[in-house]
Amino acid sequence: MAEFTMELSEDQRGVRDWIHGFAAEVMRPAAAEWDEREEFPWPVVQEAARIGLYSLDFYAQQFFDPTGLGIPMAMEELFWGDAGLGLAITGTGLAAIGVLTNGTEEQIGTWLPQMYGDADDVKIAAFCSSEPDAGSDVSAMRTRAVYDEAKDEWVLNGTKTWATNGGIANVHVVVAVVDPGLGARGHASFIVPPGTKGLSQGQKFKKHGIRASHTAEVVLDGVRLPGHCLLGGKEKLDERLARARERVRTGGARTHNAAMATFEASRPTVGAQAVGIARAAYEVALDYAQTRVQFGRPVIDNQGVAFQLADMRTRIDAARLLVWRASWMATAGKPFTSAEGSMSKLFAGETAKAVTAQAMQILGGNGYTREYPVERMHRDAAIYTIFEGTSEIQRLVIARTISDVPIR
């Protein structure tokens, strides 16, 4: 187990600088165009795949970094480049985490490569959990998975919403209800292979921010899946459901939930993305304040502006430290006894929203136009207090964890 450190190794710095170069040279020049087009940026993802940045091997290397800092470091640099393009490049990761968290070794080896493809044939994947009436309240999920024992098949029906890459993905990972009587304890995750009949894209959403990332509904109408598409397998599911039924009967503790396990594992990663957006906006504001002359002097000479920049930098560094701590703890196998994963996502998301707003203020009227990137960054940052658990849900998770009280 690596000791916690704030000093990146020479290899880590090399990877960081390589990603930063891609973000500066490929992502930033293309960011405004794809934001306006509101289309999935296949050419940018293709270029990332060509250099090995969008690949299973790259993410595996970062995921198994013994310090835990490989993934958050990569996320910060990509989202410093642009959040919409960054999410297009990294959106497959949530589905991959879903398989890594819940799948067998055979399922991991079979499906992860199909989520990424290769440089000549790029693929993407989608994680489908939220529903029109079940966002933060996962217990309200209605998508059903019914087992057809005679054929060893699962039949899925329902509608998913807010799915990144939904409908255009090669592989979909779908969370569904297998035992309605157990509420959130009765969920399981399924792989929907490419070309499966009954899966279609519903509404594609036109969003306030992260517009280069494809977000849509996914409709499941009589989708039939072989038994081996149940992540973890039937035997493991039956054992888990039996434990859950016993705990319901006796009033015991909660059991594993497929969707929540995926989100908990990804929260520091999402926090790192928010740090990247905040840092990008801060750098634009700092440069502007140093070069913009008003009343005969640079605007940074005014305490009111300088103090804002001091606060922005302080919050960014604090958010990064929370993200790095949670990432190191997860890699080191240390439990989140105070909901450290939720802490990192909460603070980083709120920081991105606040810092981008302050950056717009420092730029004044220019910050409100699309001639400068902070307007786009501010729109992109807004989602970080909403998706993968709203700020309110993060506070609920933290409060329940530190108090051991079922706060509602």
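Of the possible donor and acceptor atoms, none in the side chain of His172 sits under 3.5 Å from a partner among the backbone N and O of Cys128. Listed for the Thr67 side chain is a donor-acceptor partner under 3.5 Å among the backbone atoms of Leu69. Between the Arg224 side chain and the Val155 main chain, no donor and acceptor come within less than 3.5 Å of each other. Side-chain atoms of Thr314 come within 3.5 Å of backbone atoms of Ala310 as a donor-acceptor pair (strictly under, hydrogens ignored). Side chain of Gln107 to backbone of Thr104: a donor-acceptor contact under 3.5 angstrom is found. Between the Gln361 side chain and the Ala359 main chain, no donor and acceptor come within less than 3.5 Å of each other. Checked by atom type and distance alone, the side chain of Asn165 pairs as donor or acceptor with a backbone atom of Ala125 at under 3.5 Å. The backbone N or O of Gly98 lies less than 3.5 Å from no partner atom in the side chain of Thr101, so there is not a single donor-acceptor pair. With hydrogens and angles disregarded, no donor-acceptor distance shorter than 3.5 Å links the side chain of His187 to the backbone of Val178. Ser213 places no side-chain N or O within donor-acceptor distance of the main-chain N or O of Ile210, the cut-off being under 3.5 Å.
Seen from the ring of Trp328, Arg325 does not count as a face-on cation partner, given the 6.0 Å and 45° thresholds.
A salt bridge is absent between Glu39 and Arg211; no separation between the charged side-chain nitrogens and carboxylate oxygens falls under 4.0 Å. Asp35 and Arg370 are not joined by a salt bridge, as no carboxylate oxygen comes within less than 4.0 angstrom of a charged side-chain nitrogen. A salt bridge is absent between Asp179 and Arg185; no separation between the charged side-chain nitrogens and carboxylate oxygens falls under 4.0 Å. Electrostatic pairing of Glu235 and Arg240 does not count as a salt bridge here, judged by no charged N lying under 4.0 Å from a carboxylate O. A salt bridge is defined here as a Lys NZ or Arg NE, NH1 or NH2 lying under 4.0 Å from an Asp or Glu carboxylate O, and Asp404 with Arg400 fails to meet this definition. At a threshold of 4.0 Å, the pair Arg279-Glu76 counts as salt-bridged, since one of the basic side-chain nitrogens sits closer than that to a carboxylate oxygen.
Atom CG of Asn170 sits about 8.5 Å away from atom CD1 of Ile124, to the nearest 0.5 Å. Taking CG of Leu363 as the reference point, atom NE2 of His378 lies at 13.0 Å (rounded to 0.5 Å). With values rounded to the nearest 0.5 angstrom, Ile386 atom CD1 is found 9.0 Å from Glu392 atom CD. Atom CG of Leu286 and atom CD of Gln308 lie 12.5 Å apart (nearest 0.5 Å). Between the CD atom in Glu239 and the NZ atom in Lys236 there is a gap of 9.5 Å [rounded to 0.5 Å]. A distance of 11.0 Å separates CZ of Phe336 from OG1 of Thr401, quoted to the nearest 0.5 Å.
A heavy-atom distance below 4.5 Å is not found between the side chains of Ile277 and Asp82. Using a 4.5 Å cut-off on side-chain heavy atoms (C-beta onward), Pro298 and Thr291 make no contact. In this structure, the side chains of Tyr116 and Ser55 stay at 4.5 Å or more apart for every pair of heavy atoms. Inter-residue side-chain proximity for Leu237 and Leu230 is flagged as met; some heavy-atom pair is nearer than 4.5 Å. With contacts defined as side-chain heavy-atom distances shorter than 4.5 Å, the pair Tyr288/Tyr372 qualifies. With a 4.5 Å cut-off on side-chain heavy atoms, Glu77 and Asp17 do not count as touching. Annotation: side chain of Leu100 is in contact with side chain of Leu112 (closest heavy-atom distance under 4.5 Å). Side-chain contact between Ile398 and Met343 is present, with at least one heavy-atom pair separated by less than 4.5 Å.
Neither side chain, Glu350 nor Thr385, offers a donor N or O lying under 3.5 Å from an acceptor on the other. A donor-acceptor contact under 3.5 angstrom links the side chains of Asp65 and Gln12, judged on distance only. A donor atom on one side chain and an acceptor atom on the other are not found under 3.5 Å apart for Lys160 and Ser129. Side-chain contact of Gln273 with Tyr384: a donor-acceptor pair under 3.5 Å is present, judged by distance alone. At a cut-off of 3.5 Å, with distance as the only test, no side-chain donor of Asp11 or Ser9 sits close to an acceptor on the other residue.
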Q: Step by step, work out the side chain to side chain donor-acceptor pair (under 3.5 Å) result for Thr92 and Tyr54.
A: CA-CA 10 Å; Thr92 291; Tyr54 181 79; 3.0 Å; yes
Q: Begin with the C-alpha distance, continue with both residues' side-chain angles, and end with the deciding distance and a verdict on side chain to side chain donor-acceptor pair (under 3.5 Å) for Thr215 and Lys204.
A: CA-CA 6 Å; Thr215 310; Lys204 178 188 174 184; over 6 Å; no
**Q.** CA sep, side-chain torsions, deciding dist, call: Leu220, Asn157, side chain to side chain contact (heavy atoms under 4.5 Å, CB included)
**A.** CA-CA 5 Å; Leu220 303 140; Asn157 286 282; 5.8 Å; no
Q: For side chain to side chain donor-acceptor pair (under 3.5 Å), just list the numbers for Glu131 and Thr159, CA-CA rounded to whole Å, side-chain angles, deciding distance to a tenth of an Å, and then say yes or no.
A: CA-CA 6 Å; Glu131 298 184 3; Thr159 299; over 6 Å; no
Q) What do the steps show when you test Arg292 against Ile362 for side chain to side chain contact (heavy atoms under 4.5 Å, CB included), and what is the final call? A) CA-CA 10 Å; Arg292 174 69 166 174; Ile362 290 171; over 6 Å; no
Q. Going through the distances and angles, do Arg313 and Glu283 end up as a salt bridge (Lys or Arg N to Asp or Glu O under 4.0 Å)?
A. CA-CA 9 Å; Arg313 177 59 185 265; Glu283 290 176 2; over 6 Å; no
Q: Verify side chain to side chain contact (heavy atoms under 4.5 Å, CB included) between Phe22 and Glu47, making sure each step is shown before the conclusion.
A: CA-CA 9 Å; Phe22 177 84; Glu47 181 63 17; 3.8 Å; yes
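Closest of all the heavy-atom pairs between Thr161 and Phe205 is OG1-CZ, 3.2 Å. Scanning both residues, Leu322 and Ser344, for their nearest heavy atoms gives O-CB, 3.5 Å. In terms of heavy-atom proximity, Pro194 sits nearest to Val171 at CD-CG2, 4.2 Å. Taking every heavy atom of both residues into account, Phe347 and Arg315 meet most closely at CE2-O, 3.6 Å. Ala348 and Ala274 get closest at one heavy-atom pair: O-CB, 3.4 Å. Residues Arg267 and Ser342 approach most closely at NH1-OG, 3.3 Å, considering heavy atoms.
For Trp162 and Phe387, the distance between ring centers is not under 6.0 angstrom. Aromatic ring centres of Trp18 and Phe58 lie closer together than 6.0 Å.
With a 6.0 Å radius and a threshold of 12 heavy atoms from other residues, nucleotides or ligands, Arg142 has its CZ atom at or below the threshold.
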